[in-house]
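Here's the structure we're looking at; comments come further down.
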Amino acid sequence: MRLSRFFLPILRETPKEAEIVSHRLMLRAGMMRQEAAGIYAFLPLGLRVLEKVCDIVREEQNRSGAIEMLMPTIQSADLWRESGRYDVYGKEMLRIKDRHEREMLFGPTNEEMVTEIFRAYVRSYKDLPLNLYHIQWKFRDEVRPRFGLMRGREFLMKDAYSFDVDQAGATHAYNRMFVAYLRTFERMGLKAIPMIADTGPIGGNLSHEFIILASTGESEVYCHRDYLDFPIPGADVNFDDVSALQAIVNKWTSLYAATSEKHNAATFATLSTEKQVSARGIEVGHIFYFGTKYSEPMKAVVAGPDGGEKPVHMGSYGIGPSRLVAAIIEAHHDDAGIKWPEAVAPFKAIILNLKQGDSATDRAAETLYRELTGKGIDVLYDDLDARPGAKFATADLIGIPWQVLVGPKGLAEGKVEVKRRMDGGRELMTPADAVARLMQ
RNA sequence: CGGGGCAUAGCGCAGCCUGGUAGCGCAUCUGCUUUGGGAGCAGAGGGUCGCAGGUUCAAAUCCUGCUGCCCCGACCA
């Protein structure tokens with residue numbers, strides 16, 4: 001992509017409304033624009049990151065055995081009356097009426113709808129287990145949206161819903177998601193720690209929040225330091241191996257970890273002082289087992305081997321990709337801007353033509369751009385007629401992992417400079433070596 | 001939902017107290033010079049001062065109402 005043809009509205013100054021670093025950097029880097037309180041448009045750069053995040057979420061959901069679908073944003077109020085949540089949910093739910101005065105709502109979550117779909121088709125225990133998920137926009141009319149994408153009203157959510165014949169099956173479904181989540185966040189360059197959590201309006205009695213530690217986090221969290229170094233299950237983990245998954249979950253729940261609502265100061269105090277981590281955290285995922293809370297009132301039942309009908313055991317599992325974009329920035333930035341982990345970066349590399357208009361420099365940069373693009377590398381080419389300093393500042397701000405500096409100084413020795421954004425490491429090499437480096 | 005604050009050019013702000021031709025920096029456009037860490041000079045464009053009433057000869061400025069947004073607290077992917 002040539003920067004001259006891209007849409008990247010960089011802000012040189014910080015908009016005054018942005019308090020936390022991710023909000024500030026997303027606005028400055030031209031990733032998003034606020035359209036109303038807690039409602040944002042994703043601009044091209046922001047969309048690229050959001051899609052990368054969704055891709056990882058999707059891959060790990062699929063790997064764990066969940067099946068993707070897509071439910072609508074608008075739901076009928078009747079569904080929510082069936083579960084009894086229509087009156088309970090309160091003002092957070094955006095209620096709307098269509099032209100026929102029918103009561104509708106913009107979905108804050110999809111338990112009712114997915115249960116309705118399930119019960120319409122599934123009759124037998126033989127069709128279980130089943131885990132259906134989608135990635136769809138949600139709306140929760142927060143009293144006070146803030147911190148940009150971190151606490152928006154409209155947000156993208158991956159929500160998965162598991163259906164099992166009994167509690168044992170549901171526990172395995174829960175464990176699948178637990179392990180999938182560990183892998184998902186790790187791939188995005190985040191250290192997420194599962195913590196015992198409150199179940200809130202979703203209900204149920206087993207729940208973990210996946211929290212990443214960040215000073216700008218919204219909640220106080222407490223955990224054992226050893227969690228920070230626990231190994232993440234590999235891509236070869238067998239999601240059908242019940243006891244293997246249980247072992248992983250057992251390990252990851254063996255030590256103390258709790259959010260402030262579930263915090264037990266006395267228990268926490270029994271840890272040796274150097275193992276006590278008390279920090280602020282950002283919730284990036286939340287999983288629930290809630291049994292028959294919805295299947296019972298909504299009559300989602302299956303026939304068992306004995307022919308008797310029983311309500312299915314369910315769980316739901318959320319990840320907020322739009323919030324994750326912000327969370328990743330909170331975890332990876334410096335004074336100059338964002339430092340994207342490669343897995344979620346909007347582009348893998350950026351070529352900086354440091355002397356646009358100089359024929360030798362233009363030729364070298366163009367050649368490099370064509371070569372990298374030809375090899376399938378997603379590269380942004382800064383071909384603007386701007387000063388080198390401005391280009392460096394932009395490149396640092398938008399956080400592309402690799403910067404390739406092409407200028408007369410290096411070209412005099414037949415070299416370009418390759419700079420890694422994450423650690424600032426830089427190295428002179430020939431253009432051919434630069435291509436090879438980026439192919440790794 | 002309680003408390004506080006803001007609304008003037010794309011962004012950041014001054015002007016308001018004490019009413020009288022709407023300003024500054026950055027950005028944008030043109031030209032020349034410049035080109036390895038946000039360049040210099042010269043010129044130009046861009047505003048129904050959030051909206052609606054009121055007071056006044058005259059309102060960005062004073063008064064009333066409304067709307068939007070932000071911050072702190074109680075609530076949440």
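Each chain gets a letter, A, B and so on, in the order its sequence line appears, and its residues count up from 1. This is a predicted model, so every value here is computed, not measured. Both backbone and side-chain heavy atoms feed into the values below; hydrogens, waters and symmetry mates do not.
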Atom CE of Met104(A) and atom CG of Leu79(A): how far apart are they, to the nearest 0.5 Å? 9.5 Å
For the P atoms, the ones on C24(B) and on G54(B), what distance do you get once it is rounded to whole angstrom? 34 Å
Pair His172(A)-Asp164(A), side-chain donor/acceptor within less than 3.5 Å: no
Given side chain to side chain contact (heavy atoms under 4.5 Å, CB included), test Met31(A) with Phe42(A) step by step and report yes or no. CA-CA 6 Å; Met31(A) 294 179 64; Phe42(A) 276 81; over 6 Å; no
Taking the side chain of Lys355(A) as heavy atoms from C-beta outward, which of U35(B), G38(B), C26(B) is closest to it? U35(B)
Work out how far the P atom of C13(B) is from that of C71(B), and round it to whole angstrom. 14 Å
May I ask you to say what Gly285(A) touches in the nucleic acid, namely base, sugar-phosphate or nothing, with a heavy-atom cut-off under 4.0 Å? sugar-phosphate
With the side chain defined as heavy atoms from C-beta on, Arg146(A) is closest, among C71(B), A77(B), G37(B), to C71(B)
OP1 or OP2 of C1(B) sitting under 4.0 Å from any side-chain N/O of Lys91(A)? yes
May I ask you to evaluate whether Arg28(A) reaches the phosphate of C11(B), defined as a side-chain N or O under 4.0 Å from OP1 or OP2? no
Can you tell me, in whole Å, how much space there is between the C1' of A74(B) and that of G3(B)? 12 Å
Using a heavy-atom cut-off of under 4.0 Å over every strand shown, decide if Asp358(A) touches base, sugar-phosphate, or nothing. nothing
Name the residue closer to the 5' end of RNA chain B, choosing between Ile10(A) and Glu154(A) according to the nucleotide with the nearest heavy atom. Ile10(A)
Say you pick atom P in U8(B) and the same atom in G2(B); how far apart are they, in whole Å? 26 Å
Should A7(B) form a Watson-Crick or G-U wobble pair with both distances under 3.5 Å, which nucleotide is its partner? U67(B)
Mind calculating the distance between NZ (Lys138(A)) and C1' (C76(B)) to the nearest angstrom? 15 Å
Which nucleotide sits closest to the side chain of Pro15(A): C69(B), A74(B), G12(B)? G12(B)
Quick one: is Arg151(A) getting a side-chain N or O under 4.0 Å of the C76(B) phosphate, OP1 or OP2? no
In whole Å, what is the span from the OH atom of Tyr40(A) to the C1' atom of C69(B)? 10 Å
Could you give the CG-to-P distance, from Leu11(A) to G25(B), as a whole number of Å? 20 Å
Please state the C1' separation for the pair A9(B) and A44(B) - nearest whole angstrom. 15 Å
Relative to the 5' end of RNA chain B, which residue comes earlier, Ile319(A) or Gly389(A), by the nucleotide with the nearest heavy atom? Gly389(A)
Taking atom C1' of G38(B) as reference, at what distance in whole Å does atom CG of Leu354(A) sit? 14 Å
Between P of G36(B) and CZ of Arg426(A), the distance in whole Å: 14 Å
Which base, if any, makes a Watson-Crick or G-U wobble pair with C32(B), both distances under 3.5 Å? G40(B)
Which nucleotide in G36(B), G37(B), C1(B) has an atom nearest any side-chain atom of Glu417(A): G36(B)
Quick one: Tyr89(A) OH to C75(B) P, roughly how many Å, whole number? 16 Å
Classify the nucleic acid contact of Gly148(A) as base, sugar-phosphate or nothing, counting any heavy atom under 4.0 Å across all strands shown. nothing
What's the gap between A59(B) and C17(B) when it is taken at their C1' atoms, as a whole Å value? 15 Å
If we call it a pair only when both distances are under 3.5 Å in a Watson-Crick or G-U wobble match, what pairs with G2(B)? C72(B)
Before we go on, tell me: are the rings of Phe178(A) and Trp252(A) under 6.0 Å apart, centre to centre? no
Taking atom C1' in both G65(B) and U55(B), compute the distance separating them and give it to the nearest angstrom. 15 Å
It should be established whether Gln34(A) places a side-chain nitrogen or oxygen under 4.0 Å from OP1 or OP2 of nucleotide C70(B). yes
Atom-pair distance (NZ on Lys391(A); P on A39(B)), nearest Å: 13 Å
Pick out which of Lys419(A), Arg421(A), Arg420(A) makes a side-chain hydrogen bond (donor to acceptor under 3.5 Å, both in side chains) with Asp423(A). Arg420(A)
Per Lys409(A) side chain, nearest of listed nucleotides A77(B), G36(B), G38(B): G36(B)
Quiz question: by atom type and distance under 3.5 Å, do the side chains of Glu366(A) and Asn353(A) form a donor-acceptor pair? no
Checking all strands, does Lys16(A) fall into the base, sugar-phosphate, or nothing category for heavy-atom contacts under 4.0 angstrom? sugar-phosphate
Only pairs with both distances under 3.5 Å count, Watson-Crick or wobble alike; so what is the partner of G19(B) in this structure? none
Output the single nucleotide from C76(B), G38(B), G73(B) whose closest atom is nearest the side chain of Glu92(A). C76(B)
Side chain of Glu13(A) only, heavy atoms from C-beta on: which candidate in G25(B), G36(B), C76(B) is closest? G25(B)
Any cation-pi pair here, Arg323(A) with Phe155(A), using under 6.0 Å and within 45°? no
Go through it in stages, so that I can follow the logic: the residues are Gln403(A) and Asp396(A), the test is side chain to side chain donor-acceptor pair (under 3.5 Å), and I'd like the CA-CA distance, side-chain angles, deciding distance and then a yes or no. CA-CA 9 Å; Gln403(A) 298 175 10; Asp396(A) 287 347; 2.8 Å; yes
With a 4.0 Å limit, can you tell me whether Arg12(A) has a side-chain N or O closer than that to the phosphate oxygens OP1/OP2 of C26(B)? no
Among the nucleotides G36(B), A77(B), C69(B), which one has an atom lying closest to any side-chain atom of Pro388(A)? G36(B)
The Watson-Crick or G-U wobble partner of A77(B), with both key distances under 3.5 Å, is none
Return the nearest nucleotide to the side chain of Arg387(A); candidates are G36(B), A39(B), C6(B). A39(B)
Could you tell me the separation between the CD atom of Glu218(A) and the C1' atom of A77(B), rounded to a whole number of Å? 11 Å
Which value, in whole Å, describes the distance between the P atoms of nucleotides U61(B) and G20(B)? 10 Å
Among the nucleotides G12(B), U35(B), G37(B), which one has an atom lying closest to any side-chain atom of Asp385(A)? U35(B)
Does C62(B) have a Watson-Crick or wobble mate here (both distances under 3.5 Å), and if so which one? G54(B)
Stacking here means centres under 5.5 Å and planes under 30°; does Phe392(A) stack on G36(B)? no
Reckon Thr14(A) touches a base, only the sugar-phosphate, or nothing at all at heavy-atom distances under 4.0 Å? sugar-phosphate
Heavy atoms only, 4.0 Å cut-off, all strands: where does Leu156(A) land among base, sugar-phosphate and nothing? nothing
Establish, for the pair Lys191(A) and Phe185(A), whether the NZ or CZ atom is under 6.0 angstrom from the six-membered ring centre and no further than 45 degrees off its axis. no
